[in-house]
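Report on the following structure.
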Amino acid sequence: MGLLAYGDTGWGDELFFATLMTIAVALVAIFIGFFLAAIFASFKLSSIRILNLFGSFYTTVFRGVPELLVIYLFFFGSSGAVMYVAKIFGYDGYIEVNAFFTGALSIGIISGAYSTEVFRGAVQSINKGQFEASKVLGLKKKVYYYKIIIPQMLRLALPNISNVWQITLKDTSLISVTGLVEIMRQSYIAAGSTRDPLFFYSFAAVLYLFLTFLSMKLFNNLEKHYSRGY
Amino acid sequence: MELMIESFPRLLNATILTIELTLLSLFFGIFVGAFFAVLRTSKIKIFQVISYYYSYIFRGTPLLVQIFIIYFGLGQVEWLRESFLWVVFKEPYSCAIIAFTLNTGAYTSEIFRSAFETIQKGLIEAADGLGLNKLHIFFKIKLPLAIKQSLPAYGNEMILMLKGTSLASTVTLLDLTGVAKHIISTTFKPVEVFIVAGSIYLLMTFIIHNFIKILEKKLDYSK
């Protein structure tokens, strides 16, 4: 257990902060995903054909191509893209894009593709009568969305959102290839310097299990909260 | 554009390894999945617990951790290194297949389990009443129904496994993603390579998707 001591003698503190990093990346990624999903789900549900195609293209590509390949695209591509834009504005130097940002962005885009399908399904599952009734009651659009449609949507979508969260959380391990120090990368460093990969990778597995277990509990509580009255 | 044409044969060549890894892991995974699904539905408590924790652990941790434990971690175990099993565990290829098999097996066992659970009791009772023996009931009634029931979910799992094989590149194997990364890091043209490699992956997911659709139609007894 000396290997996990807190402070300079062990890897306890490093792994603790790495776990926080994993949580941070996953949270930023899932919210980027929600943001994209809100846009692309509305594209998929719209009656305009070109927007439909756009939405389908997004979900097909990012659910069909391996996560690692997407990460490589952003990892190698982002600084090139930023420098290209900078050149237009007359800046010629080398710009390195932050690993946290590219990681969260690439995982977020993948996570968004899954969320899009979840959001779309949730909206479609709501009875048309609910929309019509709200209109007849003379409720404003904002009020009936926030008070009637979204609460019902959340109840149905929560189990799927929980799934997307688990996928996103596990996908963050792939960002370790870009050098961002999250659980996997920290374990790799620790395994390399102590020559004890079995211990550190097993411990990483335990950390991930702990995170997935915690989030499962949290989502179960949320589901209970939103199922009141059913 | 030039790079896209130039890299295409190399990427196509690497696709063979990707397909190989996918098919082998799925093949072994079916047996592992069926085995643990049977354990889970058995009446003996300890079997249920083992099966539950197997699927919980392999579904609750990233595939990357699983590969690293098997490839980097197990090499540290003294008795394993001295045993005949070392032939298997020192190769990244077999380690990748073991990791993928165990991973897909966990998901497959859940798919099979829920498929068996959705079979209506009345059907089994009716078969029992007709005097069919247990083996007959299993192979002629339960299994075909369960296979049909699990097809859509299994199709998804096949696609997930195809994508999962990209992690083989982290243990030095040169699969489609591995070669794509190599080309990207030597040419610094990520977009072009991504388009080619991504299209190959999409083509494969498209094939799997349609294959499952055709199977579903074939197995639709109601028509």
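Here is how names work: the chains are called A, B, and so on, in the same order as the sequence lines, proteins then strands, and each is numbered from 1.
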Q: Sort by residue number and list every member of residues 158-176 of chain A having a non-hydrogen atom under 4.5 Å from chain B.
A: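 Counting heavy atoms that sit under 4.5 Å from chain B, the residues of residues 158-176 of chain A involved are A:Lys170, A:Ser173, A:Leu174, A:Ser176.
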Q: Could you list which of residues 50-61 of chain A have a heavy atom closer than 4.5 Å to any heavy atom of chain B, in residue-number order?
A: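 Heavy-atom contacts from residues 50-61 of chain A to chain B are A:Thr60, A:Val61.
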State whether the number of non-hydrogen atoms from other residues, nucleotides or ligands found under 6.0 Å of [X] atom [atom1] is greater than 12.
| X | atom1 | result |
| --- | --- | --- |
| B:Phe194 | CZ | yes |
| B:Glu82 | CD | yes |
| A:Phe100 | CZ | yes |

Q | Contact check, side chains of B:Phe68 and A:Pro197, non-hydrogen atoms, under 4.5 Å | A |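 No, too far: nothing below the 4.5 Å cut-off.
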Q. Any side-chain heavy atom of A:Phe76 sitting closer than 4.5 Å to one from B:Lys189?
A.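 They are not in side-chain contact.
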Can you tell which part of [X] gets under 4.5 Å to a heavy atom of chain A, answering side chain, backbone, both or neither?
| X | result |
| --- | --- |
| B:Phe72 | both |
| B:Ala197 | both |
| B:Phe206 | neither |
| B:Val77 | side chain |
| B:Ser199 | neither |
| B:Thr165 | neither |

Q: Fit a plane to each ring of A:Phe213 and B:Tyr56, take the angle between them on a 0 to 90° scale, and name the class: parallel (under 30°), tilted (30 to 60°) or perpendicular (over 60°).
A: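 Perpendicular.
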**Q.** Heavy-atom proximity to chain B below 4.5 Å, by part of A:Val70
**A.**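 Contact with chain B: backbone and side chain both.
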Which heavy atom of [X] sits nearest a heavy atom of [Y], and at what distance?
| X | Y | result |
| --- | --- | --- |
| B:Gln76 | A:Leu198 | OE1-N, 2.8 Å |
| B:Ile184 | A:Tyr72 | CD1-CB, 4.4 Å |
| B:Thr61 | A:Ala205 | CG2-O, 3.3 Å |
| A:Leu69 | B:Gly198 | CD2-N, 3.9 Å |

To the nearest 0.5 Å, how far apart are [atom1] in [X] and [atom2] in [Y]?
| X | Y | atom1 | atom2 | value |
| --- | --- | --- | --- | --- |
| A:Arg63 | B:Asn156 | CZ | CG | 8.0 Å |
| B:Ile69 | A:Phe199 | CD1 | CZ | 11.5 Å |
| B:Ile70 | A:Tyr201 | CD1 | OH | 13.5 Å |

(Q) I'd like to know which of A:Leu211, A:Thr212, A:Asp196 tops the heavy-atom pair count under 4.5 Å against chain B. (A)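 Most heavy-atom pairs within the cutoff with chain B belong to A:Asp196.
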Q | Members of residues 85-105 of chain B whose heavy atoms come closer than 4.5 Å to chain A | A |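 None at all.
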Q.
For residues 16-41 of chain B, give me every residue with a non-hydrogen atom less than 4.5 Å from any non-hydrogen atom of chain A.
A.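 None at all.
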Q) So which of B:Ile57, B:Leu64, B:Leu167, B:Thr205 has the biggest tally of heavy-atom pairs under 4.5 Å with chain A? A)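 Option with the greatest count: B:Leu64.
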Q. Okay, side chain of B:Lys163, backbone of A:Leu68: is any donor-acceptor separation there less than 3.5 Å?
A.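 Here the side-chain-to-backbone pair does not exist.
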